[in-house]
Amino acid sequence: MQLPEADQLIATLAESMRPHVSPDTCLVGIHTGGVWLAERLHALLGLSQPLGSIDVSFYRDDYSAKGLHPQPRGSRIPFDVEGSHIVIVDDVLYTGRTTRAALNELFDYGRPAQVDLAVLVDRGGRELPIAASFCALTLPAPLPAGQNLQLERDDSGALTLRLIHA
Amino acid sequence: MRNPQLNKHGELQHLLTLDGLPRAIITQILDTAAPFTEVAEREVKKLPLLRGKSVFNLFFENSTRTRTTFEIAAKRLSADVINLNVATSSTKKGETLLDTVDNLCAMHADMFVVRHESSGAPYLIAQHLENTGRDHIHVVNAGDGRHAHPTQGLLDMYTIRHYKKEFHNLTVAIVGDVLHSRVARSQIAALTTLGVPEVRVIGPKTLLPTDVEKMGVRVFHSMEEGLKGVDVVMMLRLQNERMNGALLPSPQEFFKVWGLTAEKLALAKPDAIVMHPGPMNRGVEIDSAVADGGQAVILPQVTFGIAVRMAVMSMLGSH
């Protein structure tokens with residue numbers, strides 16, 4: 001499958017978000033790909049609130065089966081969640097479980113006025129009733145479970161989408 | 001022989017002692033603790049990792065601080081915590097340790113946090129659980145006799161790493177009643193495992209174990225010599241309740257020779273930190289001016305202790 005350029009998708013995503021964000025909108029990236037993406041969107045949209053990040057390791061529903069991530073990076077929410085407009089940012093939307101964990105974690109910081117979800121790619125395969133508010137690319141057919149689609153970053157900071165066959 | 005603290009996949013099964021615990025596991029605990037420190041700053045100070053699990057605090061010996069910090073740590077991980085002050089209950093009626101454990105297992109315990117006046121009691125429980133095929137139940141040693149107090153040792157390592165960043169370039173002094181101290185044993189084991197090049201113990205001959213050099217430490221019988229140039233001063237509590245016989249002339253006499261005062265601390269590096277596991281005997285092992293001074297990190301130790309205990313319990317509870 002030919003994957004589009006990540007930069008092009010990021011630009012598309014930013015443009016689709018632009019009419020719906022204000023300078024006070026807060027972005028929260030999900031580790032690790034979502035954080036890189038959120039950094040780009042933050043700059044493209046000219047937002048003033050500091051960027052947040054979430055590591056959902058402590059909120060995963062498969063914790064008892066898979067165990068704890070050996071090096072959790074922790075979450076950083078440097079703004080007041082109470083009453084704010086938040087956009088959760090992730091590179092790829094798949095089962096929806098990561099989004100659910102991020103929502104749970106976010107609500108432990110306070111009660112936001114509104115939460116949206118922005119993703120670069122929707123690969124299908126949802127296991128929960130979760131949908132993206134903003135999505136640059138929806139795959140025509142769901143990817144098989146054995147395949148892993150993710151954002152990667154090289155030393156120069158350039159982002160690429162990569163499909164890994166397990 | 002397999003390390004009794006690790007399961008067949010090499011994961012932490014019980015935390016009994018830091019002696020013989022691989023460096024990678026100690027580092028993993030410290031790394032896991034780091035993100036837990038910020039949970040206290042949230043609106044909801046809870047994570048769902050141990051939701052639905054029952055943690056039994058089994059204290060055969062009194063301890064308010066350790067029990068409380070374990071309780072807070074377990075509650076911040078959403079576990080149900082049951083505190084048993086065993087010193088005043090079933091054992092008084094003649095129940096054996098393992099009968100108590102079996103009864104609590106019948107109540108579906110998932111984890112035991114054990115403090116006992118006899119060295120090895122947590123081992124006995126861990127072994128009993130293994131022999132009876134109850135691998136899903138974990139034991140954390142919260143202090144056994146003179147043997148070990150691993151979570152105290154770990155929180156001390158976390159504190160040192162927080163202020164000093166690295167271990168490989170440090171000189172650390174442990175001062176006072178090493179003989180009666182399970183804290184000192186755990187500290188020495190952790191410091192040497194983490195590669196601290198020079199660990200010193202400072203104290204009177206009567207309060208140092210006879211073979212203390214075998215633990216890989218340098219022994220000093222003078223504060224003036226021992227404190228020279230150190231990066232970290234770890235004070236120990238004078239354990240009056242564990243002493244029998246005349247090991248010491250008097251607390252005042254002890255303070256004069258072995259108490260940490262500002263003058264003695266001035267011999268250490270200017271940026272040296274002062275630690276104490278608590279509870280402090282002011283005017284016995286430490287002067288108030290030092291305990292409340294700018295180099296003391298005694299209260300941060302307590303705060304870090306919660307994050308470290310959360311890390312241990314979440315690692316145990318994950319399998």
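Treat the numbers as computed from the prediction; the structure is a model and nothing was measured. Throughout, a chain's letter reflects where its sequence line sits, starting with A, and its residues are numbered from 1.
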Mark yes when over 12 heavy atoms from residues, nucleotides or ligands other than Glu15(A) sit less than 6.0 Å from its CD; otherwise mark no. yes
Identify, with sequence neighbours excluded, every residue that meets salt bridge (Lys or Arg N to Asp or Glu O under 4.0 Å) alongside Arg40(A). Asp7(A)
Heavy-atom pair of closest approach, residues Tyr59(A) and Lys46(B): OH-O, 3.4 Å
Rounded to the nearest 0.5 Å, what separates atom CZ in Arg111(A) from atom CD in Glu43(B)? 12.0 Å
Please say whether more than 12 non-hydrogen atoms of neighbouring residues, nucleotides or ligands are located less than 6.0 Å from NZ in Lys165(B). yes
Where do Pro35(B) and Gly74(A) come nearest, in terms of heavy atoms and distance? CB-CA, 3.4 Å
What do you reckon, is CD of Glu5(A) surrounded by more than 12 foreign heavy atoms closer than 6.0 Å? no
To the nearest 0.5 Å, what is the distance between CD (Glu41(B)) and CD1 (Ile77(A))? 12.5 Å
Considering all heavy atoms, the nearest Leu49(B)-Phe58(A) contact: CD2-O, 3.4 Å
Under 6.0 Å from the CZ atom of Arg134(B), do we count more than 12 heavy atoms belonging to anything else shown? yes
Just so I understand: if I count every heavy-atom pair under 4.5 Å between each of Leu77(B), Val44(B), Thr37(B) and chain A, which residue has the most? Val44(B)
